[in-house]
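Down below is the structure, laid out as structure tokens.
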There are 2 protein chains.
Amino acid sequence: MLELDRLILLLSKLPGLGPRSARRAALFLLKRRESLMEPLAAALAETAAKVQPCSLCGNLDTADPCAICRDPRRDQGMICIVEDMADLWAIERSASYNGLYHVLGGTLSALDGIGPEDLRIEALVARVEKTKAREAILAMNATVEGQTTAHYILDRLAETGVKVTRLAHGVPVGGELDYLDDGTLSAALAARKLLTPD
Amino acid sequence: MLELDRLILLLSKLPGLGPRSARRAALFLLKRRESLMEPLAAALAETAAKVQPCSLCGNLDTADPCAICRDPRRDQGMICIVEDMADLWAIERSASYNGLYHVLGGTLSALDGIGPEDLRIEALVARVEKTKAREAILAMNATVEGQTTAHYILDRLAETGVKVTRLAHGVPVGGELDYLDDGTLSAALAARKLLTPD
């Protein structure tokens, strides 16, 4: 049973799966060998071998430059700066942005010993200068680390003269005030919009 | 990005993972290509190719008969009948049983159209007759389906003359009465044990 034990051990290391759900997943897979288990093994091996970060923006893709960087229909003058791939995917799913990206690979964190040299910030400044980008959108998470990183990048981009913007903070669409945290409410109040003519 | 999308789609089919956690798992794996992703791909492929149900008891193993059936230190006269592999593993983890197993592969369920011929019941009766087993322990789940299946197997085993027992029902060790369901409490009361001499 060594093979099966090893599979369960590896599965249990995935985020969201513990030892119990890893056992369940292994049995689930063994009941679906041809429809799921073998395709999953192949997809893992193939993705591990082929998918690499884009040398321009850090997006994960089998091609370099990635599909987004190579797409001529995308606005080459806008760079949306995100912490990691999951954020890029979230913005792509919203289908409301048509520019390029820059994936930092994390946030500044004194606690975890992550400094500017560990993120793709130098590459970002060089890229903005070289491509003469029109606008850089700071799309970090609205967390302390995210906002610290955003401030640092804002400083670093000052020398390039690029226009820098950030995502709006406020009430989420569909959100109920009663369930919102105080920080969001005060941000939404401070950034309130005029509805009548000035 | 087709490879990555396909990997995420396959991961999202695992029990316990939805689309969101599948994306998270894929990124997690890509950050650990050599330590986790490639070993997982290999373990999946190897397990899919090698692990098969034991022809005697239905336990999953690379060898047939399985390691449990082949173990001469185990009591060959006892057969513990379980619904599926997860239950066998649970009993093995308890390290309180040293006989053989018989994995049914599910429970009788009129709703899902699962009849006796879909479970390994015929094989169980033949096995009990052939091996002249001393005792058959019904270790089905304490659910309606599990107990229906147990009743059916009890009937079927009558012809063999084997001694049939079932797991005790009662208060789980460490369980608090206040949090127990009524069914467990009444089972525990009905099966109460005499502590003073008769």
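Proteins get letters first, then strands, A, B, ... in listed order; numbering begins at 1 in each.
With respect to chain B, the highest number of heavy-atom pairs below 4.5 Å among A:Ala41, A:Ala49, A:Cys66 belongs to A:Ala41. Top candidate by heavy-atom pairs under 4.5 Å with chain A, chosen from B:Gly16, B:Pro39, B:Ser21, is B:Pro39. Across A:Ala43, A:Ala45, A:Pro15, the residue that shares the most heavy-atom pairs under 4.5 angstrom with chain B is A:Pro15. The greatest number of non-hydrogen atom pairs below 4.5 Å with chain B, out of A:Leu9, A:Leu10, A:Leu30, is found for A:Leu10. Contacts with chain A were tallied for B:Leu29, B:Val51, B:Leu14, B:Asp84; B:Val51 has the most, counting heavy-atom pairs under 4.5 Å.
Under a hydrophobic clustering in which Ile, Leu, Val, Met, Phe, Trp and Tyr are joined whenever their side-chain heavy atoms come within less than 4.5 Å, directly or via other members, A:Leu44 and A:Met37 fall into the same cluster. A:Val82 and A:Val164 fall into different hydrophobic clusters, where Ile, Leu, Val, Met, Phe, Trp and Tyr are joined by side-chain heavy atoms under 4.5 Å apart, directly or via other members.
Between A:Glu135 and A:Arg166 there is no salt bridge, since none of the side-chain N atoms of the basic residue sits less than 4.0 Å from a carboxylate O of the acidic one. Ion pair A:Arg156/A:Glu122 flagged as a salt bridge, since at least one NZ, NE, NH1 or NH2 atom sits closer than 4.0 Å to an Asp/Glu carboxylate oxygen.
Heavy atoms closer than 4.5 Å to chain A are found in both the backbone and the side chain of B:Leu40. Looking at B:Ile8, the atoms closer than 4.5 Å to chain A (heavy atoms on both sides) all sit in the side chain, from C-beta outward. Both the backbone and the side chain of B:Leu7 come within less than 4.5 Å of a heavy atom in chain A. With a 4.5 angstrom heavy-atom cutoff, B:Arg33 touches chain A only via side-chain atoms.
Between B:Gln147 and B:Ala142, the closest heavy-atom pair is NE2-CA, 3.5 Å. Heavy atoms only, all atoms of each residue included: B:Ala48 and A:Glu38 are closest at CB-CG, 4.0 Å.
Of the possible polar contacts, one joining the A:Asp75 side chain to the A:Gly77 backbone as a donor-acceptor pair under 3.5 Å is found.
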